[in-house]
Amino acid sequence: MSQKGSEDRMGGFAIHRQPDDTTCGPTCLHAVYRHWGLDIPLPQLIREMPKVEGGGTLAVLLGIDALRRGFEATLYTYNLRLFDPIWFQDADTDIRERLETQMKAKKGEKFQVASKAYIEFLDLGGRIQYEDLSPPVLVRHLVSGHPVLCGLSATYLYRSVRERVLDCEPDDVAGEPVGH
């Protein structure tokens with residue numbers, strides 16, 4: 001970690017480091033905004049970004065922020081807790097309606113917050129896709145000049161032990177995947 005506001009130069013452009021362990025989302029979104037010429041101070045974006053219990057934010061909340069600022073946004077989801085893959089097999093499936101119906105059947109604060117956020121994202125004109133993550137998918141977007149933000153579990157990426165939610169202690173049995 002570096003101090004707030006520090007940056008590295010890479011390939012001719014500045015990469016700002018995230019100020020702490022919970023601001024990866026706003027820091028990445030800040031880079032996308034700068035790519036498209038929108039200059040919002042990183043501390044302001046961090047303050048304005050909704051946070052979830054336990055720290056951090058959800059990708060859909062980043063998408064909502066972008067849509068509210070006049071950008072287009074498409075989220076590729078792999079969240080099987082929230083989205084059923086069959087919802088994406090038929091173009092006529094109303095994802096918004098499926099989310100609303102599912103909210104009546106499932107409980108949990110984070111689940112409800114995420115579901116409501118995805119509904120708002122769709123209402124603002126956002127798109128949700130379910131497509132296997134593969135090199136061609138990434139290349140397709142990068143070649144077209146679109147920046148890509150990817151959230152990947154640090155537990156997966158670094159092959160590290162899962163952690164307990166309440167105290168962040170390593171626990172390979174009762175723990176949950178963490179960060180990205």
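Sequential numbering from 1 along the given sequence is applied to the chain's residues.
With salt bridges taken as basic N to acidic carboxylate O contacts below 4.0 Å, one links R69 and E48. Electrostatic pairing of E131 and R140 counts as a salt bridge here, judged by a charged N lying under 4.0 Å from a carboxylate O.
Under a cut-off of 6.0 angstrom, the local environment of NZ in K110 is sparse, with at most 12 non-hydrogen atoms contributed by other residues, nucleotides or ligands. No more than 12 heavy atoms of other residues, nucleotides or ligands lie within 6.0 Å of CD in E72, so this atom counts as exposed by the packing criterion. Heavy-atom contacts from other residues, nucleotides or ligands closer than 6.0 Å to NZ of K107 number more than 12.
Distance alone, capped at 3.5 Å, is enough to place a donor-acceptor pair between the S144 side chain and the H141 backbone. Using modelled atom types, no side-chain atom of H30 and backbone atom of P41 make a donor-acceptor pair closer than 3.5 Å. One N or O on the side chain of K51 and one on the backbone of M49 form a donor-acceptor pair closer than 3.5 Å. In this structure a side-chain-to-backbone donor-acceptor pair under 3.5 Å is missing from R162 to P177. A donor-acceptor pair is defined here as one N or O able to donate and one able to accept, closer than 3.5 Å; no such pair exists between the side chain of E100 and the backbone of S115. A donor-acceptor pair under 3.5 Å links the side-chain atoms of Y33 to the main chain of A66, judged by distance alone.
Here the CG-CG distance, from L166 to D171, works out to 11.5 Å after rounding to the nearest 0.5 Å. In this structure, CG in D123 is found 4.0 Å from CZ in R96, a value given to the nearest 0.5 Å. Between the OG1 atom in T57 and the CG atom in D65 there is a gap of 9.0 Å [rounded to 0.5 Å].
Following chains of ILVMFWY side-chain contacts shorter than 4.5 Å, one can reach I119 starting from L67, so the two form part of one hydrophobic cluster. One hydrophobic cluster, built from ILVMFWY side chains closer than 4.5 Å, cannot hold both L42 and L149; they sit in different ones. Cluster membership for I128 and W87, using ILVMFWY side-chain heavy atoms within less than 4.5 angstrom, is shared.
For the pair V32/L38, no side-chain contact is recorded, criterion being any heavy-atom separation below 4.5 Å from C-beta on. Residues L99 and L122 form a side-chain contact, since some pair of their non-hydrogen atoms from C-beta on lies under 4.5 Å apart. At a threshold of 4.5 Å between non-hydrogen side-chain atoms, the residues F88 and I95 count as touching. With a 4.5 Å cut-off on side-chain heavy atoms, K116 and M103 count as touching. The side-chain heavy atoms of P19 and I46, taken from C-beta on, include a pair separated by under 4.5 Å. In this structure, the side chains of L61 and I64 come closer than 4.5 Å at one or more pairs of heavy atoms. Between T77 and L82, every side-chain heavy-atom pair lies at or beyond the 4.5 Å cut-off. When side chains are defined from C-beta on, L80 counts as touching Y130, because their heavy atoms get closer than 4.5 Å.
Scanning both residues, V161 and P170, for their nearest heavy atoms gives CG1-CB, 3.3 Å. Minimum interatomic distance between G145 and H35 (heavy atoms only, all atoms of both residues): O-NE2, 3.6 Å. Between C150 and L138 the shortest heavy-atom distance is SG-CD2, 4.2 Å. The shortest non-hydrogen separation linking A59 to L75 is O-CD2, 4.2 Å. Minimum heavy-atom separation, Q112 to K106: NE2-O, 2.7 Å. Of all heavy-atom pairs spanning L142 and V148, the tightest one is CD2-CG2, 4.0 Å.
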Quick one: do T93 and R98 satisfy side-chain contact (heavy atoms from CB on, under 4.5 Å)? Show the steps, please. CA-CA 8 Å; T93 299; R98 299 309 306 148; 3.9 Å; yes

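Looking at S134 and D132, their side chains never bring a donor and an acceptor atom within 3.5 Å of each other.
In this structure, W36 and H146 have tilted ring planes: the angle between them lies in the 30° to 60° band.
The ring pair (Phe, Tyr, Trp, His ring centres under 6.0 Å) analysis of residues 92-124, with sequence neighbours excluded, yields the pairs F83-Y118.
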